[in-house]
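Presented below is the structure to which this report refers.
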Amino acid sequence: MTQLEFFSSDFGQPKPEGSSAPIEPKIVSRGEPLFDPNNFGGAGFTSNTNPDDLVEGLNPQQRAAVEYRGPALLIVAGAGSGKTRVLTHRIAHLLAKREAWPSQILAITFTNKAAAEMRERVRHLLGQGADGMWIKTFHSACVMILRRESERLGHDANFTIYDSGDSRAIFKRLIKEMGADIHKLTPAGVAAVISNAKNELNDADGFARNMDASDPVQRMIAEIFSRYQAELRRNNAFDFDDLIGETVFLFRNHPDIAAQYQRKFRHILVDEYQDTNHAQYALIRELTMSIDPSLAEHYPDLVDPRTGALPEPASLTVVGDSDQSIYAFRGADIRNISEFEKDFVGAKTILLEQNYRSTQNILSAANAVIANNFDRPNKNLWTDSGDGEKIVGFTGYSAHDEAQFIADEINRLHREGISYRDIAVMYRTNSQTRALEEIFIRAAMPYRVVGGTKFYERQEIKDAMAYLVAIANARDDLATRRILNVPKRGIGDATETQIANFAAQNDLSVRQALAHVSTIGFGPKINGAITQLSDLLNELEALVPTDTVESILRQVLDRTGYLETLRNSRDPQDEARVENLEELISVAKEFGRNNPEGRLPDFLNEVALVAAADEIDDESGTVSLMTLHTAKGLEYEAVFLTGIEEGLLPHKMSFITPGGMAEERRLFYVGITRARKRLYLSLALTRTTFGESDSSTPSRYLQEIPQHLIDWRESGARSQVSSFRYRESIAESQGYRDGSGSGYGGTPKEKTEWKSAVTSVRNNEGLQLEVGDRIRHADFGDGRVLTVMGEGPRQSAEIHFERVGTKRLLVKVAPIEKL
DNA sequence: CCGTGTTCTCTTTTT
DNA sequence: GAGAACACGG
C-alpha cells in the first residue's frame with residue numbers, strides 16, 4: 001500500500017446517492033493529516049452501479065446478509081455457501097449506496113491472496129476500483145498501523161518481522177546461555193509457550209505474574225521471555241504474535257491513537273472469524289469501541305462536523321463457520337464465534353446453508369462426518385445440483401502405491417478434460433509430500449507444492465534476505481551477524497563473538513560495532529574485511545529511500561562477491577543457487593512493478609507475511625499439493641484426500657490434546673468440502689515414518705461416511721503388489737533384506753523396493769522411444785508405447801501395460817528397457 | 001578458520 | 001532419511 005492510500009481517510013458518510021459532491025471534512029491528528037482532502041479515498045469514486053443490482057441473483061439469506069445494517073452481524077456460512085460473494089457484495093453495496101467511503105472500510109481476510117481476490121471482485125462489481133479500502137490480513141493491517149504509529153511506540157518504522165525460525169534461533173541461544181537445557185527446555189517448546197501467552201495478550205511481566213513461581217521451569221521461561229522481548233526491542237523487531245499484540249497494546253495505551261482508527265473505520269468485516277485468537281478478537285474489540293467522549297475536547301477533529309457529535313462505533317460484520325475451526329493450536333478460540341451474540345449486544349445472525357460448490361454426495365459425506373462432533377449447532381449443507389459421482393476410495397499398500405493411484409487417476413481426469421490446475425492433492429503433514437513427489441516426477445505430472453515456503457528457506461535466499469534486512473534495519477543484530485562471514489571473509493566464530501561482546505559492553509548494535517572495529521584489536525586482515533563490509537552496508541543503506549529493491553539486491557549480490565563466488569564454484573549445486581538468486585531478483589522486480597513507490601522495508605514486510613496459499617498461481621497448469629490447513633478457503637474440481645489413516649488423520653499428536661479429535665474431524669470436513677465434483681479418499685496400509693515402515697489402519701472418520709456414498713476401487717495395486725513381492729524375493733535372495741518387518745501379513749517392504757527404483761541413478765538419456773515400441777518396466781511389467789511427448793530430460797511417454805493399464809512416465813528416470 | 005565426516009534429533013498443522 | 005550439531009584434521 002502506498003502512503004497516499006494510507007492517508008486517504010475521511011469522515012462521516014458520503015451523501016446519499018444522487019446528491020452532489022460529498023463533504024470533505026478536515027481531520028488533523030497530531031499535526032499530521034490522517035486524511036488528505038485532495039484525495040478522497042478512491043479519488044473520484046463515482047460508481048454508477050445500482051445497489052439493487054448487487055442483490056440480484058442472491059438467495060434470501062445471502063441477500064439479507066448483504067442488506068442488513070446494524071452494529072453487529074454474524075454470518076454463519078457453511079462451506080461453499082457463497083460467503084466471499086456475500087462479503088464482496090456487502091462491501092460493494094455499502095459503497096454503491098454511498099453509505100461509506102472506501103477508506104472507511106476495513107476487511108480482514110485470512111490470506112493476502114484472498115485479500116487481492118476480494119479487492120478484485122469489488123472492483124468488478126462496481127466497475128471501478130475502490131482505492132483506499134483496507135483489505136488486509138490481520139498481520140499486514142497491524143504492520144501498517146505499527147509502522148505509521150512507530151514514533152509513539154518508540155521503534156523505527158522500518159522494523160524487521162521475525163519469522164518462527166528467527167525466533168527459534170534466539171530461543172536456542174538464550175536457552176544455551178542460561179543453561180536452561182538442563183530443564184529439558186527446547187527452542188520449539190519455549191516458542192510455543194511464549195506464543196500462546198502472547199496470543200492471550202500476556203506480556204513477559206504478565207506471564208511472570210501469572211505463573212507458578214514455585215516451578216523453576218516456569219521461572220526459567222519467564223526469564224527467557226523477558227530477555228527475548230528485550231532482544232526484539234534492541235533489534236527493532238517484532239515476531240508474528242507481537243504484530244497483533246503490540247497493536248492492541250498501542251490502542252490501549254494511547255486512546256487518542258485508538259480513537260483515530262475507531263473514527264476512520266466505519267465498517268469492519270472479518271472473514272474466517274472462527275479462527276481468530278484472543279489477541280485478534282481484542283483488536284477487533286478495540287476498533288469497534290465507542291470513542292472516549294473525553295477525547296473530543298482535545299481532539300476536535302474526532303467530532304463529526306455535521307452532527308457535532310462523536311461518531312457511532314464501527315459496525316462489525318463477521319463471517320465464519322465453527323465447523324471449519326482448525327487453528328486451535330495457534331490460539332484460535334471457537335468461542336469468539338459461538339458467543340458472538342453475547343459479546344456484541346444487538347447482533348444479528350444470518351445462516352447460509354445452501355451450498356453452491358459441491359455435489360450432494362460430497363455434502364452428505366461432509367454432513368455425516370461433522371455430525372459426530374457434539375456440542376455444535378445442527379447444520380445441514382444441501383445443494384439442488386444433484387448427487388454427482390460417487391466418492392472414490394482407494395487403499396494402497398504403501399504411500400508410493402497410493403501416490404501411483406493418484407497419479408493415474410489425475411491423468412484420467414485430465415483426459416476427461418479437467419485441467420491440472422483444478423485438481424488438488426491434500427494431506428495432513430508436510431512430510432507426506434515426499435512419496436507423492438517421487439511418484440509425480442516419475443509420472444511426468446506437472447505439480448506444485450504449495451507452502452512449505454521452501455524457497456525462502458534456502459541458504460542462498462536466506463543469505464540475500466539477511467543482507468536486505470541488515471541494510472533496512474541497522475539495529476537488527478541477528479541479520480547483521482548472519483552476514484558477517486557471508487561470503488567467507490575469514491571471520492570465524494571467535495571473531496564474531498568478540499564483536500558481539502564489544503557491542504554489548506558499549507551498548508552498541510553489532511552494526512555500530514563494525515564501524516569501531518579498529519578499537520577491538522583484530523589483525524589488519526580482519527579489520528580490512530570488516531571495514532569493507534561496514535562501508536558497503538552504509539552505502540547501500542543510504543540508497544534505501546531512493547533505490548528500487550531490485551537495484552539494492554543486485555548491488556548486494558555483486559558488490560559482496562556473493563554471486564561471483566557461486567559462479568566460480570565447481571559445486572554443481574551452486575549453479576542452482578545462482579538460479580534461485582535470479583528468481584529472487586525477479587521477485588524484487590515484480591514487487592517494483594506492483595509497488596512503484598515501494599521501498600526495501602515494504603518489500604521485506606510483504607515477504608515476511610506471505611502465506612502458503614498466496615503462492616498459488618491460478619494461471620499455471622499444475623496440480624496443487626498442500627496441507628489440509630493450507631486448503632482452507634480454497635476449492636477444486638477434484639480433490640484427493642490422502643493418508644486417511646489412524647495416526648495421520650486424526651494425527652497421533654491429537655490423541656493427547658484436549659479437543660484434538662474434534663479438531664481433526666473438522667480438518668477432514670474442511671478437506672471434503674473443498675471438492676466440487678470429484679472426491680477421492682485414499683490411504684496406505686504401510687507408511688514409513690522416520691525410516692521405519694509401519695502398518696496403518698483406516699481412519700475412524702472413514703466409517704462415519706455412509707458406505708453407499710463411496711465406491712471402493714479394486715486396488716489397482718494388486719498386480720503391482722505381485723510385482724513388489726517378486727522384486728522383494730529377488731532383493732532377499734540377493735541379501736538386501738533389511739529386517740524391518742512390517743508386521744503386516746504379506747506386505748512388501750516398500751523401502752527396499754522403491755529405493756532401488758527411485759534412487760538408482762537411472763539415466764535413459766540415450767533411450768529413443770517410438771510409438772509402438774515394446775518395453776519392460778521394473779514394477780509394471782511389459783507394455784507398449786502409446787505416445788511420446790516432449791524432448792530431452794522432460795520427455796514423457798504414455799505406455800500401456802498389460803497388467804496395470806496405461807501410465808505416463810518420465811522417460812529419463814523410468815526403470816524401463818526396450819524389448 | 002574451514003571443510004568434512006559422524007552422530008543425533010526429529011514430525012502435526014501456520015501467520 | 002534429512003538436517004543440524006559436534007568433533008577433528010588440515
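All values reported here derive from a predicted model rather than from experimental measurement. So you know, we letter chains A, B, ... as the sequences are listed, proteins then strands, and number each from 1.
The separation between A:Glu437 atom CD and C:dG1 atom C1' is 15 Å, rounded to whole Å. Rounded to an integer number of Å, the gap from A:Phe240 CZ to B:dT13 C1' is 15 Å. Atom P of nucleotide B:dC1 and atom CZ of A:Phe522 are separated by 9 Å, given to the nearest angstrom. In this structure, A:Tyr456 places its OH atom 14 Å from P of B:dT15, rounding to the nearest Å. Atom pair A:Leu649:CG and B:dT13:P shows a separation of 13 Å (rounding to whole Å applied). Counting to the nearest Å, the P atom of B:dT13 and the CG atom of A:Leu648 are 10 Å from each other. As a whole-Å value, the separation of A:Arg666 CZ from B:dT13 C1' is 13 Å. Here the C1' atom of nucleotide B:dT14 and the CD1 atom of A:Ile616 are 14 Å apart, to the nearest Å.
For A:Phe238 and A:Tyr162, the distance between ring centers is not under 6.0 angstrom.
If you check every strand for non-hydrogen atoms under 4.0 Å, A:Ala494 touches sugar and phosphate atoms only. A:Ser164 comes within 4.0 angstrom of a nucleotide base, judged by non-hydrogen atoms across all strands. Residue A:Lys488 is classed as a sugar-phosphate contact, given heavy-atom separations below 4.0 Å to backbone atoms only. Heavy atoms of A:Asp163 sit nowhere under 4.0 angstrom from any nucleic acid atom. Heavy atoms of A:Thr137 sit nowhere under 4.0 angstrom from any nucleic acid atom. Heavy atoms of A:Tyr327 sit under 4.0 angstrom from primed sugar atoms or phosphate atoms, though from no base atom.
Using a 4.0 Å cut-off, some side-chain N or O of A:Asn485 falls inside it from OP1 or OP2 of B:dC2. Between A:Thr630 and B:dT13, a side-chain N or O to OP1/OP2 separation shorter than 4.0 Å is absent. Residue A:Thr111 places no side-chain N or O under 4.0 Å from the OP1 or OP2 atom of B:dT15.
No more than 12 heavy-atom neighbours from other residues, nucleotides or ligands sit within 6.0 angstrom of CG on A:Asp493.
Taking the six-membered ring where tryptophan is involved, the planes of A:Tyr327 and A:Phe329 are tilted, since the angle between them lies from 30° to 60°.
Within the structure, salt bridge (Lys or Arg N to Asp or Glu O under 4.0 Å) pairs that include any residue of residues 643-662 of chain A comprise A:Glu645-A:Arg687, A:Glu646-A:Arg700 (at least two apart or interchain).
With sequence neighbours left out, the side-chain hydrogen bond (donor to acceptor under 3.5 Å, both in side chains) criterion links A:Gln459 to A:Asp463. Every residue two or more places apart in sequence or in another chain was checked for a side-chain hydrogen bond (donor to acceptor under 3.5 Å, both in side chains) with A:Ser322, and none qualifies. For the side-chain contact (heavy atoms from CB on, under 4.5 Å) test, residues two or more places apart in sequence or in another chain that qualify with A:Ala282 are A:Leu201, A:Val248, A:Arg252. Remark: A:Arg482 pairs with A:Asp166, A:Ala466, A:Leu478 by the side-chain contact (heavy atoms from CB on, under 4.5 Å) rule, at least two apart or across chains.
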Contacts under 3.5 Å, N or O only, protein and nucleotides 6-12 of chain B:
from	atom 1	to	atom 2	distance (Å)
B:dT12	O4'	A:His651	NE2	3.4
B:dT12	O2	A:Arg428	NH1	2.7
B:dT12	O2	A:Arg428	NH2	2.2

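Nearest-nucleotide positions on DNA chain B place A:Arg489 closer to the 5' end than the other of A:Arg489 and A:Ala608.
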